[in-house]
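Computed from a prediction, not measured in an experiment: that's the story for all the values here.
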Amino acid sequence: MGGCVHCVWDLYEAELERYNAEMAKIGIWSEMLKEKEGGSGTGGSHESANVEEFVKFVNLLMNDTTYLLDESLTKLAEIHKIQDEMANVEEWERTPQSYVALGNETVHMFQYMTAVEEIVTPFMAPYIVERLAAMLDYNLAAMVGPRCTELKVKNPEKFGFNPKKLLSEIIDIYLHLSHRNEFVEAVARDGRSYSKEIFGRAVDIATKFALKAPQEIQMLQDFVQKVESHLAQAVEEEEDLGDVPDEFLDPLLATIMQDPVVLPTSNVTIDRSTIITQLLSTPIDPFNRKPLTIDMVIPS
């Protein structure tokens, strides 16, 4: 902190010295102009030299004017922007409040539903479990990953944000599904957000703040071990298979198709689970944007 204060003070002194020098220059040249207007100039080479010096001075003055006005106007524009944002602070604070409230409710709903085995089974459908795993991994990384410090705000309770409770409920969902091989495999296939280190960080936080009982911490660690084992097995299988011809790969995920189907609107062959996932969000062919429903696809 002290270093920052010294830096600011040094900058202030430098600008003050620059200001005083500029004022001194202006004062000197103002006096010279008054003398010239009063007829006290000596003429000749002395006047020529004065003209050259004056040209240099004016050039420097123009440079300084350009720099100083640019800096000052830029800073004023920044202040204006900040003041506008501060004037609307209550309005844009209400947006995250509603998002956080709804987000908390949806996570709580998943926590509740995944605790009931009869409800869990539909979640294991290929076109659902992949998205569920990706969603959980992404949000776990946001909560405990390298950028988690960006979530620190003053008065988080004002926004209804309770990071410990939210993390605890996300961990609960993993624990509720940890016994399902479909879920383990889906997490292992999530190359975008899954990370053993992220789960390690979650374990550390949950242990430090006693968010979970020791047996639950062990269950989470066992789950990660199962995911890592599946990853290692997948690597071995990929090496055994060698280069797979493109016609056997899903065109969107680049994975081997298990249930290939043809899209009649674009004549593209794709895995059934992939196109179902796409159609859950938008009922169109992803390759040509034409209307498409799952009953239209043709088994390959």
Side-chain angles (χ1 to χ4, degrees), residues 106-107 109-110 113-142 170 173-196 198-199 222-300:
T106 56
V107 170
M109 181 65 74
F110 274 111
M113 290 191 297
T114 55
V116 182
E117 189 62 32
E118 292 78 7
I119 302 178
V120 165
T121 300
F123 279 109
M124 296 302 106
Y127 43 88
I128 292 294
V129 71
E130 298 282 348
R131 295 184 67 195
L132 178 61
M135 179 200 74
L136 291 171
D137 292 344
Y138 177 83
N139 285 290
L140 184 67
I170 290 175
I173 300 171
Y174 279 107
L175 296 180
H176 294 164
L177 303 175
S178 62
H179 66 292
R180 299 296 299 246
N181 288 332
E182 303 98 322
F183 183 65
V184 173
E185 293 173 1
V187 171
R189 285 194 293 269
D190 180 20
R192 178 187 178 190
S193 300
Y194 170 75
S195 166
K196 181 180 179 181
I198 292 294
F199 275 87
D222 292 343
F223 169 74
V224 174
Q225 186 57 50
K226 286 193 287 186
V227 172
E228 289 295 312
S229 296
H230 184 82
L231 275 172
Q233 182 181 346
V235 170
E236 290 180 7
E237 291 176 354
E238 187 174 338
E239 290 176 351
D240 291 340
L241 286 173
D243 292 332
V244 179
D246 290 344
E247 59 264 29
F248 295 103
L249 297 178
D250 184 279
L252 292 182
L253 302 182
T255 54
I256 297 176
M257 290 184 285
Q258 304 298 320
D259 184 10
V261 295
V262 177
L263 308 184
T265 45
S266 61
N267 202 36
V268 172
T269 301
I270 191 171
D271 197 77
R272 183 183 297 273
S273 63
T274 302
I275 191 60
I276 289 177
T277 300
Q278 293 288 318
L279 295 178
L280 285 173
S281 299
T282 311
I284 59 173
D285 186 324
F287 299 97
N288 60 12
R289 314 298 292 175
K290 291 183 178 180
L292 179 67
T293 57
I294 193 61
D295 59 292
M296 295 169 61
V297 303
I298 305 167
S300 177

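In terms of the side chain to side chain donor-acceptor pair (under 3.5 Å) criterion, Asn267 has no residue partners (sequence neighbours excluded). In this view, His176 and Thr114 satisfy the side chain to side chain donor-acceptor pair (under 3.5 Å) rule, not counting sequence neighbours. Residues satisfying the side chain to side chain contact (heavy atoms under 4.5 Å, CB included) criterion with Ala134, sequence neighbours excluded, are Asp190. Listed by chain and residue number, Asp271 satisfy the side chain to side chain donor-acceptor pair (under 3.5 Å) test with Ser273 (two or more places apart in sequence, or in another chain). Glu228 pairs by the side chain to side chain donor-acceptor pair (under 3.5 Å) definition with Tyr194, not counting sequence neighbours. Residues satisfying the side chain to side chain contact (heavy atoms under 4.5 Å, CB included) criterion with Leu252, sequence neighbours excluded, are Asp250, Ile270, Thr274, Gln278, Pro286, Phe287.
Looking at Lys226, its side chain never comes within 3.5 Å of a backbone N or O of Glu185 through a donor-acceptor pair.
Residues Leu132 and Phe110 form a side-chain contact, since some pair of their non-hydrogen atoms from C-beta on lies under 4.5 Å apart. With contacts defined as side-chain heavy-atom distances shorter than 4.5 Å, the pair Thr269/Met257 qualifies. Side-chain contact between Leu136 and Val187 is absent, with no heavy atoms from C-beta onward closer than 4.5 Å.
Residue pairs satisfying the salt bridge (Lys or Arg N to Asp or Glu O under 4.0 Å) criterion with at least one member in residues 272-289, sequence neighbours excluded, are listed as follows: Asp259-Arg272. The salt bridge (Lys or Arg N to Asp or Glu O under 4.0 Å) pairs that include a residue from residues 125-138 are Glu130-Arg189, where partners are two or more places apart or lie in different chains.
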Show me the donor-acceptor pairs, under 3.5 Å and distance only, between side chains in residues 115-125 and residues at least two apart or in other chains.
unit_1	atom_1	unit_2	atom_2	d
Glu117	OE1	His179	NE2	3.1
Glu117	OE2	Arg180	NH1	3.0

Acceptor/donor pairs from residues 291-300 side chains to any protein atom, 3.5 angstrom cut, sequence neighbours excluded:
unit_1	atom_1	unit_2	atom_2	d
Thr293	OG1	Asp295	OD1	2.6

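Note: Leu280 CG to Ile276 CD1 = 7.5 Å, rounded to the nearest 0.5 Å. Here the CD1-CG distance, from Ile170 to Asn139, works out to 5.5 Å after rounding to the nearest 0.5 Å.
In this structure, Pro251 and Val268 approach most closely via the heavy-atom pair CG-CG1, 4.0 Å.
Using the six-membered ring where Trp is involved, Tyr174 and Phe199 have ring planes that are perpendicular, over 60° apart on the 30 and 60° scheme.
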